Amino acid sequence: YRLTFMLILQRKYHTMIKKIITLLTLALLTLSVSAQSNLKKVYDETSNPNTMIDQALAKAGKEGKFVVCQVGGNWCKWCLMFADFVEKDAEITQTINDNFVLSHINYNPKDKDNKEAQKMLQRLNKPQRFGFPVFVVLDSEGKVLHIQDSSFLEEGNGYDKAKVLRFFKNWTPKAVL
């Protein structure tokens, strides 16, 4: 009788542990989805990506700056995290504002029939091969100077300030020209 009672307690204990693990997993998933949805959407999904590049180039030409195209989309957690990271860091924001016109160029890899997006990828030398977000540095004439794989700017579950600053500072007009 005592053995049966112990077995019943053991089963109830295992069932309770399974329920706790399931609840914790659901809570973490909810937090993850919530965190992504709380990030500001920075990509205009209705704009023509080539027009956006042309507008950025016109502005950069007038201001003596380069263009950085951050190619990605609102579907991309790391794209939104980067935009948030930059916005919250005054030194990075200042470095960008002093040297670049930053343009968030929308691209959805699931939309293979979008002719304008395909033209944009050709124009930027097929940056999608590096994943998203990907950064394309253009001179004021629109020549691709550099394509930056964003994974080299990451550290843990976010971005590394020193790596991001190094990337931007190494591609300023002053550094390149």
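Here the structure is a predicted model, which is why all the values come from computation and not from measurement. Scope of the values below: all heavy atoms of this structure, side chains included, with no hydrogens, waters or symmetry mates.
Within the structure, salt bridge (Lys or Arg N to Asp or Glu O under 4.0 Å) pairs that include any residue of residues 141-153 do not occur (at least two apart or interchain).
Partners of Thr51 according to the side-chain hydrogen bond (donor to acceptor under 3.5 Å, both in side chains) rule, which considers only residues two or more places apart in sequence or in another chain, do not exist here. With sequence neighbours excluded, no residue forms a salt bridge (Lys or Arg N to Asp or Glu O under 4.0 Å) with Glu154. The side-chain hydrogen bond (donor to acceptor under 3.5 Å, both in side chains) test applied to Gln94 returns Asp98, not counting sequence neighbours. With sequence neighbours left out, Tyr43 forms a ring pair (Phe, Tyr, Trp, His ring centres under 6.0 Å) with His104. Residues meeting the salt bridge (Lys or Arg N to Asp or Glu O under 4.0 Å) test with Asp54, sequence neighbours left out: Arg123. In this structure Phe130 satisfies the ring pair (Phe, Tyr, Trp, His ring centres under 6.0 Å) test with no other residue, sequence neighbours excluded. Phe168 pairs by the ring pair (Phe, Tyr, Trp, His ring centres under 6.0 Å) definition with Phe100, not counting sequence neighbours. Glu87 pairs by the salt bridge (Lys or Arg N to Asp or Glu O under 4.0 Å) definition with Lys40, not counting sequence neighbours. Annotation: side-chain hydrogen bond (donor to acceptor under 3.5 Å, both in side chains) contacts of Lys161 (sequence neighbours excluded): Asp89, Glu91.
For Phe167 and Phe152, the gap between ring centers reaches or exceeds 6.0 Å.
Between Leu80 and Val42, some side-chain heavy-atom pair lies under the 4.5 Å cut-off. Side-chain contact between Ser150 and Phe82 is absent, with no heavy-atom pair separated by less than 4.5 Å. In this structure, the side chains of Leu138 and Leu145 stay at 4.5 Å or more apart for every pair of heavy atoms. At least one side-chain heavy atom of Thr93 sits less than 4.5 Å from a side-chain heavy atom of Val86.
Within a 6.0 Å sphere centred on NZ of Lys163, other residues, nucleotides and ligands contribute more than 12 heavy atoms.
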TODO: Evaluate the side-chain contact (heavy atoms from CB on, under 4.5 Å) criterion for residues Asn114 and Asn108: first the C-alpha distance (whole Å), next the side-chain angles of each, then the deciding distance (0.1 Å), finally the verdict.
DONE: CA-CA 9 Å; Asn114 184 330; Asn108 188 339; over 6 Å; no
TODO: Using the side-chain contact (heavy atoms from CB on, under 4.5 Å) rule, take Ile147 and Asn125 through it: C-alpha gap first, then chi angles, then the decisive distance, then the call.
DONE: CA-CA 8 Å; Ile147 300 174; Asn125 295 343; 4.0 Å; yes
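Below 30°, between 30° and 60°, or above 60°: for Phe132 and Trp75 the angle between ring planes is above 60°, a perpendicular geometry.
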Identify each donor-acceptor pair in which a side-chain atom of residues 56-66 lies under 3.5 Å from a protein atom, sequence neighbours left out, and give them as a table.
{"unit_1": "Glu63", "atom_1": "OE1", "unit_2": "Lys65", "atom_2": "NZ", "d": "3.1"}
{"unit_1": "Lys65", "atom_1": "NZ", "unit_2": "Asn97", "atom_2": "O", "d": "2.5"}

With a 3.5 Å cut-off and sequence neighbours excluded, list the donor-acceptor pairs that the side chains of residues 170-177 form with protein atoms.
{"unit_1": "Asn170", "atom_1": "ND2", "unit_2": "Arg166", "atom_2": "O", "d": "3.2"}
{"unit_1": "Thr172", "atom_1": "OG1", "unit_2": "Ala175", "atom_2": "N", "d": "3.1"}

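At a cut-off of 3.5 Å, with distance as the only test, no side-chain donor of Asn106 or Glu45 sits close to an acceptor on the other residue.
Under a 3.5 Å cut-off, the side chain of Gln148 and the backbone N or O of Val134 do not form any donor-acceptor pair.
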